[in-house]
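One structure is given here, and the rest of the page talks about it.
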Amino acid sequence: MNTLLNPQLNADLHCHSVVSDGTLTPELLAPRAKANGVELWALTDHDEIGGQARALAAAKALSLPYLTGTEISVTFANKTVHIVGLGFDHHNTALAQGLRQTRGGREERAREMAQGLAQVGIHGAFEGALTFAGNPELISRTHFARFLVESGVCNDTSEVFRRFLTENKPGFVPHRWAHLRDAVQWITAAQGVAVIAHPARYGFTPNEEYALFTEFKNHGGQAVEVVTGSHTAAEAQIYAATALEFGLAASRGSDFHSPDESHTDLGSLPFLPGKLTPVWELLVDRIQ
Ligand code: AMP
Ligand code: MN
Ligand code: MN
Ligand code: MN
């Protein structure tokens, strides 16, 4: 059997670099993954594939099997949902265009976030956040959080999110991201597999969650993250059952952003629960 088909593979198919809101370059993530025992890796920057060629080259140099990746911001039932794409052709122009369009509203949103923060006495947050953004097209709440920690307003990024950057807080700006259907279709048209990221994080009602999984599947989505840095063991069990219920494959990824901020390092997750189809089984021909 191809050893990459093992359901108990140390696959890490979700993490971020400086091309979105991570703090490490693709060239530093690859050896970190390798040193931590990762056997199949994907870099999944938010709304961006600009780091894919670098990640692939860095993985190749270490003989680390690689899948292309991204994490697309979507609005569904008035909440932000993340759809991971894996194993797509990163030269596909429709995917690149869709991601560019999704990134497009970020600067304006960031300026409005800074205005909200200025109203509670925090000035210069747009410029401050930008100094933390490795990619000016991808200014995110994470960069604001780092700026507010560095300025001494908060002790850590979780405190910033809690006090300033979540719904009804001064730096929160509601935003319309991509449509679920478009995100899934950009990925699948580029020969990739679409994955619902960290489903336990959305706070949907059971009806909303049922609608998300049903529509995702109808649009051609094929997998769900079951084991991920922000899921508890109980949540992994819940979404293992959901994967079986909807006939979806299961993915596994740390969602690593930074050695200083992330609780879960690359490659240090529990294995997928048994009985599930690992997403890498669908992608065996796309591994590079
Ligand atoms: P954005 O795409 O600009 O809305 O930023 C979303 C990112 O913020 C996520 O991908 C996480 O990296 C980060 N994030 C969201 N919520 C939290 C939180 N409660 N604590 C720390 N980071 C968070
Ligand atoms: Mn992030
Ligand atoms: Mn996410
Ligand atoms: Mn992520």
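Ligands are counted one by one from 1 in listed order, and the atoms in each one are counted from 1 as well.
Of the N and O atoms on the side chains of His198 and Glu225, not one donor lies less than 3.5 Å from an acceptor on the other residue. For the residue pair Ser258 and Thr23, a side-chain donor N or O sits within less than 3.5 Å of a side-chain acceptor on the partner. A side-chain N or O of Ser73 and one of Asp47 form a donor-acceptor pair less than 3.5 Å apart.
The Mn ion (ligand 4) is closest to atom OD1 of Asp255 (considering only N, O or S atoms). When the Mn ion (ligand 3) is compared with the N/O/S atoms of His82, atom ND1 turns out nearest. When you scan the N, O or S atoms of His16 for the one nearest the Mn ion (ligand 4), you land on NE2.
Residues Val284 and Leu5 form a side-chain contact, since some pair of their non-hydrogen atoms from C-beta on lies under 4.5 Å apart.
Residue Phe256 is tested with Leu269, Leu29, Asn36 for a side chain to side chain contact (heavy atoms under 4.5 Å, CB included); the sole match is Leu29. Between Glu137 and the options Arg103, Arg100, Arg106, a salt bridge (charged side-chain N to carboxylate O under 4.0 Å, His left out) holds for only Arg103.
Considering backbone and side-chain atoms alike, Ser158 places every N or O at 3.5 Å or more from each N or O of ligand 1. The shortest N/O to N/O separation between Arg109 and ligand 1 falls below 3.5 Å.
At the top of the distance list for atom 6 (C) of ligand 1, counting protein heavy atoms only, stands Arg141 NH2, 3.7 Å. Shortest contact from atom 2 (O) of ligand 1 to any protein heavy atom: Arg106 NH2, 3.0 Å. Looking only at heavy atoms of the protein, atom 20 (N) of ligand 1 is closest to Phe161 CD1, 3.5 Å. Looking only at heavy atoms of the protein, atom 7 (C) of ligand 1 is closest to Thr142 OG1, 3.5 Å.
Residue side and main chain included, Glu71 places an N/O/S atom under 2.8 Å of the Mn ion (ligand 3). Under 2.8 Å from the Mn ion (ligand 3) lies an N/O/S atom of His198, whether from backbone or side chain. Residue contacts to the Mn ion (ligand 3): His14 brings no N, O or S atom closer than 2.8 Å.
Residues Glu150 and Arg146 are not paired through a salt bridge, judged by the lack of any N-O separation under 4.0 Å between the basic side chain and the carboxylate. Using a 4.0 Å cut-off between charged nitrogen and carboxylate oxygen, Glu27 and Arg54 count as a salt-bridge pair.
The part of His46 lying near ligand 1 is the side chain, judged by heavy-atom distances below 4.0 Å. Residue Arg162 does not touch ligand 1, judged by heavy-atom distances below 4.0 Å.
Of the inter-residue distances, the one linking Thr80 atom OG1 with Arg201 atom CZ reads 14.5 Å to the nearest 0.5 angstrom. Of the inter-residue distances, the one linking Trp41 atom CH2 with Arg32 atom CZ reads 12.0 Å to the nearest 0.5 angstrom.
Applying the 4.0 Å criterion to heavy atoms of Asp21 picks out, from ligand 1, the atoms 7 (C), 10 (O), 12 (O).
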